[in-house]
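Residue numbering restarts at 1 for every chain, and letters A, B, ... go by the order of the sequence lines.
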Protein chains: 2
Amino acid sequence: MDEKLTIQDIARLAGVSKSSVSRVLNNYPAISQELRERVMRVVREYNFVPNVTARGLAGGKTRLVGVLTPPLTWPAIPEILRGVAEYIERTSYEMVLYSINFENPTHTDVVDRILSLRMVSGLLAILPCDLTPHLLRHFERGLPMVMINDQEPPEHFPCPWVGVDNRTGGYQATRHLLDLGYRRIAHVMGPKRYYCAQERYEGYCQALHEAGLAPDPELLLQGEFDPASGRRCARELFARERTRWPEAIFVANDQMAYGFLEVAEEQGIQIPQDVALVGFDDNLVSSHVRPPLTTVRQPFSQMGAKAIELLLMMVDPDHVLPRTRASQDGKHSQAGAGMTPAGGPLATAAAGSDHQLGARAGAVLEASAPYRLDGAIHIQLDTSLVVRASSVPA
Amino acid sequence: MDEKLTIQDIARLAGVSKSSVSRVLNNYPAISQELRERVMRVVREYNFVPNVTARGLAGGKTRLVGVLTPPLTWPAIPEILRGVAEYIERTSYEMVLYSINFENPTHTDVVDRILSLRMVSGLLAILPCDLTPHLLRHFERGLPMVMINDQEPPEHFPCPWVGVDNRTGGYQATRHLLDLGYRRIAHVMGPKRYYCAQERYEGYCQALHEAGLAPDPELLLQGEFDPASGRRCARELFARERTRWPEAIFVANDQMAYGFLEVAEEQGIQIPQDVALVGFDDNLVSSHVRPPLTTVRQPFSQMGAKAIELLLMMVDPDHVLPRTRASQDGKHSQAGAGMTPAGGPLATAAAGSDHQLGARAGAVLEASAPYRLDGAIHIQLDTSLVVRASSVPA
DNA sequence: GTCTTGACGGAAACCGGTTTCAATGTTATA
DNA sequence: TATAACATTGAAACCGGTTTCCGTCAAGAC
């Protein structure tokens with residue numbers, strides 16, 4: 001029944017031309033109410049949905065965005081994707097998932113192959129690691145792109161970016177321990193080559209400084225962001241004579257903190273009675289480890305949602321401020337195209353955006369394709385502290 | 001440079017017709033070596049990749065398969081998807097991810113909307129829960145589909161299915177405990193409405209039976225497959241007087257086992273010294289809980305790979321046994337289409353398949369579109385026992 | 001009342017491929 | 001040697017939409 005209807009069929013059934021049906025479906029402004037209703041009646045009656053593929057070919061825009069991720073088994077990825085998926089579900093776009101094994105030496109080729117298909121109208125790159133320079137080339141050639149990354153990029157990094165404020169996060173963690181009365185607070189840094197490790201450390205120093213304390217080099221350790229290095233640091237610390245132990249430890253990510261918990265259990269060290277512990281990230285597991293980990297929460301799913309919102313604005317600016325350009329040069333808006341509810345979910349979502357973002361978005365409309373910003377949008381979301389048993393004696 | 005080339009451009013540059021270029025790219029058999037080389041030289045020189053969208057429109061097959069999943073934050077999902085992604089990466093197909101919130105009452109509408117776009121040529125439905133009957137309707141209308149599910153379907157369930165042998169899994173868990181010398185072994189079942197819960201229980205009974213033991217009704221509890229119900233069962237069990245405790249417990253999934261670990265820790269019960277524990281699933285976390293959980297491993301990523309392999313065979317049978325049909329009626333094969341390495345990854349993958357699967361696949365070639373099997377393929381993969389500290393006293 | 005203007009909607013071109021159909025040159029058959 | 005059969009390739013139709021171009025008609029201007 002509602003199987004293989006084409007726009008031609010609908011046109012015939014409604015007694016109008018193909019072009020008219022197309023215009024109705026795409027919310028072309030200069031259409032008489034009567035025509036619109038005549039067409040929509042048939043469309044609804046037969047439950048017609050235009051063929052995406054044909055639409056993509058003719059209109060030059062596939063309603064697909066690519067999402068490039070590390071393996072889904074990495075801690076934060078599923079949560080980020082949840083945010084992306086929940087947002088995308090409310091739009092007329094779909095998500096093509098490219099889960100890349102970044103350890104594969106040919107991954108730049110993989111990316112090129114993907115993009116050369118010209119199937120996706122935009123790309124969301126999640127934690128692209130060392131792929132960044134390569135992706136940047138594509139961006140500069142005109143591919144709409146947004147990055148989610150825990151490395152805050154340099155100021156003039158051209159590509160839109162979403163992440164968190166690591167400095168403040170480090171501050172929150174340390175401040176929490178100070179407020180509990182701890183004074184000898186150790187820090188386990190991430191690898192120095194990562195900017196975020198540096199920033200979290202700076203937040204730690206700042207909090208100490210405000211409390212009138214100076215960072216003690218003896219209480220600074222260096223890890224690799226994985227559980228193994230966490231175990232190593234823990235052993236090193238707990239091997240010292242008891243008087244040289246810290247009272248509390250701020251570990252730069254949850255993975256390393258898990259290592260601490262394991263070693264503590266092995267050695268019969270009570271957390272938080274003997275040593276308090278705070279992590280960073282709030283991975284899903286962190287509330288299930290023993291004891292539940294106090295940690296600085298990164299709003300992963302919100303990061304995903306924000307990033308995809310940004311990307312869709314780049315891919316299809318008309319969604320954001322419908323009509324603006326239409327009234328200028330006669331080009332019609334595509335907002336609410338097809339079967340999505342009138343008004344368009346994107347419009348409402350954009351209304352709830354950061355003020356800064358909204359302002360910048362205006363600039364987008366002025367720019368001509370391919371999309372390009374003179375000053376890039378970098379969105380920094382807030383971290384928040386989640387207090388659990390590992391830092392608070394019962 | 002290699003930006004907006006069309007097949008027309010390539011044809012002109014090579015001094016041949018569009019059709020010839022298309023045929024070369026699609027491995028049409030009746031092509032002279034000379035023409036092929038002439039075209040391929042240009043294709044390689046300009047690094048040409050045909051536009052997927054146009055291909056989809058003209059050929060009637062989008063090279064997209066949909067993957068329908070519960071929220072990615074569910075335990076097994078990322079691993080299943082990893083298997084899917086790794087397989088798909090080696091083909092010329094892409095994966096469109098639909099992450100559905102099954103708690104949303106309108107999810108059947110969501111599915112309909114997705115499928116009515118006719119964007120994906122096939123659908124992999126992962127743990128579709130109560131969506132199964134609805135999906136089945138789409139399958140019976142001709143949509144190529146494979147389900148991954150922990151409920152082994154009834155024998156004449158028409159849709160291809162991939163899962164594990166829950167009965168044997170339950171047997172393995174129980175047998176392991178028996179081999180360690182335990183005799184009073186409790187079982188915490190999943191909800192009776194799930195067939196897999198029933199099957200795991202049967203495996204448990206069978207192992208007991210072989211050991212000359214009868215299942216003790218006092219040692220059978222009923223959970224809901226979530227940590228909360230695990231905690232409830234644990235409290236109930238440990239509230240009994242010590243002599244009525246079991247020596248070991250086989251819990252029907254890891255989630256509930258986590259609940260047991262939590263309660264045990266609260267109450268100072270040593271695992272496995274006081275009570276041994278075995279779970280089911282081997283979620284990623286299960287090796288990181290304290291103590292690490294002995295459990296029956298479901299090969300999730302392998303399930304994903306197997307299922308997507310099956311789906312691609314249904315979507316494009318030519319991939320599997322190239323040429324067979326071509327020689328019959330002149331229709332040419334599409335194997336190795338486009339830029340994928342000659343021979344086609346699918347062909348080699350299929351060669352390594354179950355014998356049974358290969359045999360059935362032959363039947364696929366005979367069938368005319370829409371794809372349909374008279375007897376459905378149900379693939380049951382093997383579970384394996386992963387021994388960790390929770391069942392083995394150190 | 002005629003001319004201008006703009007709203008409206010149909011015809012046709014177009015997007016970039018695949019597939020059918022027919023024409024050509026070759027080779028095998030009689 | 002004439003001819004049927006086949007291999008090879010180009011021309012054109014087609015997939016199902018979007019967008020351009022243009023003609024028509026009604027309202028407003030002079």
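Within 4.0 Å (heavy atoms only), Val52(A) reaches no atom of the nucleic acid at all. Using a 4.0 Å heavy-atom cutoff across all strands shown, Ser22(B) reaches at least one base atom of the nucleic acid. Residue-level contact check: Ser32(B) touches the backbone only, with heavy atoms under 4.0 Å from sugar-phosphate atoms and none from bases.
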- Task: Could you give me the CA-CA distance, side-chain angles and deciding distance for Val315(A) and Tyr93(A), then say whether side chain to side chain contact (heavy atoms under 4.5 Å, CB included) is met?
- Result: CA-CA 11 Å; Val315(A) 167; Tyr93(A) 280 75; 3.6 Å; yes
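A donor and an acceptor atom never sit less than 3.5 Å apart when one is taken from the side chain of Lys18(B) and the other from the base of dG10(D). In the interface, the side chain of Arg118(B) is not paired with the base of dG16(D) through any donor and acceptor atom under 3.5 Å apart.
From one end of the helix from dG1(C)-dC30(D) to dA30(C)-dT1(D) to the other, with five pairs defining each end axis, the axis direction shifts by 50° (rounded to 10°).
For Thr62(A) (side chain) and Met119(A) (main-chain N/O), a donor-acceptor pair under 3.5 Å exists by modelled atom type. Arg63(A) places no side-chain N or O within donor-acceptor distance of the main-chain N or O of Thr91(A), the cut-off being under 3.5 Å. Ser116(A) places a side-chain N or O within 3.5 Å of a backbone atom of Asp112(A) that can act as its donor or acceptor partner. The closest donor-acceptor contact from the side chain of Arg118(A) to the backbone of Val49(B) lies under 3.5 Å.
Protein atom OH of Tyr28(A) is 11 Å distant from nucleotide atom C1' of dG6(C), rounded to whole Å. dG17(C) atom C1' lies 17 Å from atom CG of Asn27(B), rounded to whole Å. Whole-Å rounding puts the Leu25(B) CG to dG17(C) P distance at 9 Å. Look at CD1 on Ile7(A): it is 14 Å from C1' on dA11(C), rounded to the nearest Å. What separates CG of Leu117(B) from P of dG16(D) is a distance of 15 Å, to the nearest Å. We find that CG of Asn26(B) is positioned 7 Å from P of dT19(C), with the value rounded to whole Å. A straight line from CG of Leu5(B) to C1' of dG16(C) spans 12 Å, rounded to a whole angstrom. For the pair Ile31(A) CD1 and dG6(C) C1', the computed distance is 16 Å after rounding to whole Å.
Inter-residue side-chain proximity for Leu5(A) and Ile10(A) is flagged as met; some heavy-atom pair is nearer than 4.5 Å.
A close approach under 4.0 Å does occur between a side-chain nitrogen or oxygen of Ser17(A) and OP1 or OP2 of dG10(C). OP1 or OP2 of dG9(C) has not a single side-chain nitrogen or oxygen of Ser19(A) nearer than 4.0 Å. At the phosphate of dG16(D), neither OP1 nor OP2 sits under 4.0 Å from any side-chain N or O atom of Arg55(A). Contact annotation: Ser20(B) side-chain N/O to dT9(D) OP1/OP2 distance is not under 4.0 Å.
Comparing atom distances between the Arg23(B) side chain and each of dT8(D), dT20(C), dG16(D) picks out dT20(C) as nearest. When distances run from any side-chain atom of Leu57(A) to the nucleotides dG16(C), dT9(D), dG17(C), the shortest one goes to dG16(C). Nearest nucleotide to the Asn51(B) side chain, out of dT19(C), dG16(C), dG16(D): dG16(C). When the nucleotides dC15(D), dT20(D), dT19(C) are ranked by their closest atom to the side chain of Ala58(B), dC15(D) comes out on top.
Here the CG atom belonging to Leu57(A) is positioned 5.0 Å from the CG atom belonging to Leu57(B), to the nearest 0.5 angstrom.
Salt bridge status for Arg38(B) with Glu34(B): present, with a side-chain N to carboxylate O gap under 4.0 Å.
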